[in-house]
Enquirer: 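Starting off with a structure, shown below.
Per chain, numbering begins at 1; letters A, B, ... match sequence-line order.
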There are 2 protein chains.
Amino acid sequence: MANYDLLKQALKKEGLRYTIQRQSVWDELCATDDHRDAEEIYMDIRQSGSDVSRATVYRTIDVLVKNKLIRKLDLGDGRARYEHKIDTAHHDHLICVQCGKIEEFMDDLIESRQDAIIKKHGYKLIRHIHQLFIICDECSTK
Amino acid sequence: MANYDLLKQALKKEGLRYTIQRQSVWDELCATDDHRDAEEIYMDIRQSGSDVSRATVYRTIDVLVKNKLIRKLDLGDGRARYEHKIDTAHHDHLICVQCGKIEEFMDDLIESRQDAIIKKHGYKLIRHIHQLFIICDECSTK
DNA sequence: CTCCTTATTGATAATGAGTCTCAGAATTTA
DNA sequence: TAAATTCTGAGACTCATTATCAATAAGGAG
């Protein structure tokens, strides 16, 4: 599942060594398509039998984010989530404020309007956040 | 500038008392159209001659946000900003990643696409965040 | 106006995600 | 193999925000 070449490339680019701990973090990140926070990832790594310190988890995540192997999400609740879907197309997020479920959405029209707004101002777009906080169907029928 | 009736209504609704400290916080929030963090607001209140503790500033801000007298912004840098523009129409934000300047934008097409996405999923929209992180023209010519 | 009950305040401790430090361990290079 | 360099883990630290709690103030009742 995990593509070690991607990790190797990123580490090489950063002038960092390929270590078993960094591989464990990458393994765990590739293991699911969830949107987990650092603590959850840390706990899941331990669960899977590996032993990597919290500090190393954070440090490795930083490298992976910087090299776009994973994406960092800020849902505004004080802890960052990480998702591994690098290969998939760009998408934004729908977040259920009740159960915390996260889904993805993508709309070409919105994307092009964004570009138009930026262009009109004469700015350069670096990145964007577009999150729709909702109550999902399951939660609304409860 | 500050509309005390709005504050009074909100406090009444929450079953809270009208105090000079809460009025000072409201005064300061109404004094500018900036997007300040709690510490800046706290310092500006002291600057203006009033004396309100940090704890009370935070507590009052919470009440105001809850009652939609001010809006809370999360720019992903670890501290919340607050803006007072309640009377004005809905808008989202353009944030310069270099100088931190914040501008506002609004696009009806994007808003309607959002609604369409929500409707398609059968969800209920609670709120949304749409932030475009950019490099502004001033910063890009430096 | 005064007493009494209840809410508020401010100082400070606590929290929690994330970062930093540094000595010991591991790896790479000479 | 030795020397140099990078990594790691444990725990200290940071910083925004929240909680605690004794002292103070507000809002009635009489």
Enquirer: Look at the side-chain N and O atoms of A/Arg22 and state whether any lies under 4.0 Å from the OP1 or OP2 oxygen of D/dT8.
Expert: yes

Enquirer: Give a yes or no on whether the ring-centroid distance for A/His130 and A/His90 is below 6.0 angstrom.
Expert: no

Enquirer: Select base, sugar-phosphate, or nothing to describe what A/Asp77 touches, counting heavy atoms under 4.0 Å on all strands.
Expert: nothing

Enquirer: Rounded to the nearest angstrom, tell me the gap between atom CZ in B/Arg54 and atom P in C/dA13.
Expert: 14 Å

Enquirer: What is the separation between atom CZ on B/Arg36 and atom P on D/dT17, rounded to the nearest whole Å?
Expert: 15 Å

Enquirer: In terms of hydrophobic clusters joined by side-chain contacts under 4.5 Å, are B/Ile117 and B/Tyr123 together?
Expert: yes

Enquirer: For residues A/Gln131 and A/His93, is any side-chain donor paired with an opposing acceptor at under 3.5 Å?
Expert: no

Enquirer: Could you check whether A/Asp74 gets within reach of a base, just the sugar-phosphate, or nothing at all, counting any heavy atom under 4.0 Å?
Expert: nothing

Enquirer: Could you state the CE-C1' distance from B/Met43 to D/dC15, rounded to the nearest angstrom?
Expert: 16 Å

Enquirer: What closest approach, in Å, do A/Ser24 and A/Val52 show between heavy atoms, and which atom pair accounts for it?
Expert: CB-CG2, 3.9 Å

Enquirer: Is the distance from OP1 or OP2 of D/dT17 to the nearest side-chain N or O of B/Tyr58 less than 4.0 Å?
Expert: yes

Enquirer: Taking OP1 and OP2 of D/dT6, is either one under 4.0 Å from a side-chain nitrogen or oxygen of A/Thr19?
Expert: no

Enquirer: Between A/Tyr42 and B/Asp62, who's closer to the 5' end of DNA chain D by nearest nucleotide?
Expert: A/Tyr42

Enquirer: Using whole Å, what does the distance between atom P of nucleotide D/dC15 and atom CD of B/Glu40 come to?
Expert: 15 Å

Enquirer: Would A/Asp74 and A/Lys72 pass as an ion pair if we require N to O under 4.0 Å?
Expert: no

Enquirer: Once you apply a heavy-atom cut-off of 4.0 Å, does A/Arg79 come out as touching a base, just sugar-phosphate, or nothing?
Expert: sugar-phosphate

Enquirer: CD1 of A/Ile45 versus C1' of D/dT8: gap in Å, rounded?
Expert: 14 Å

Enquirer: Once you round it to whole Å, what is the distance between C1' of C/dT9 and CZ of B/Arg17?
Expert: 12 Å

Enquirer: Whole Å only: how far is the CD atom of A/Gln23 from the C1' atom of D/dC7?
Expert: 15 Å

Enquirer: Taking the side chain of B/Thr56 as heavy atoms from C-beta outward, which of D/dT17, C/dT8, C/dG10 is closest to it?
Expert: C/dG10

Enquirer: Given that B/Val57 and B/Gly15 both sit by DNA chain C, which one's nearest nucleotide is further toward the 5' end?
Expert: B/Gly15

Enquirer: How would you label the contact of A/Arg59 with the nucleic acid (heavy atoms, under 4.0 Å): base, sugar-phosphate, or nothing?
Expert: base

Enquirer: So which one's nearest nucleotide on DNA chain C is more toward 5', B/Ala55 or A/Ala55?
Expert: B/Ala55

Enquirer: Establish, with yes or no, whether the OP1 or OP2 oxygen of C/dG10 is under 4.0 angstrom from a side-chain nitrogen or oxygen of B/Gln21.
Expert: yes

Enquirer: Please state how far atom CG in A/Leu16 lies from atom P in D/dT8, giving the value in whole angstrom units.
Expert: 9 Å

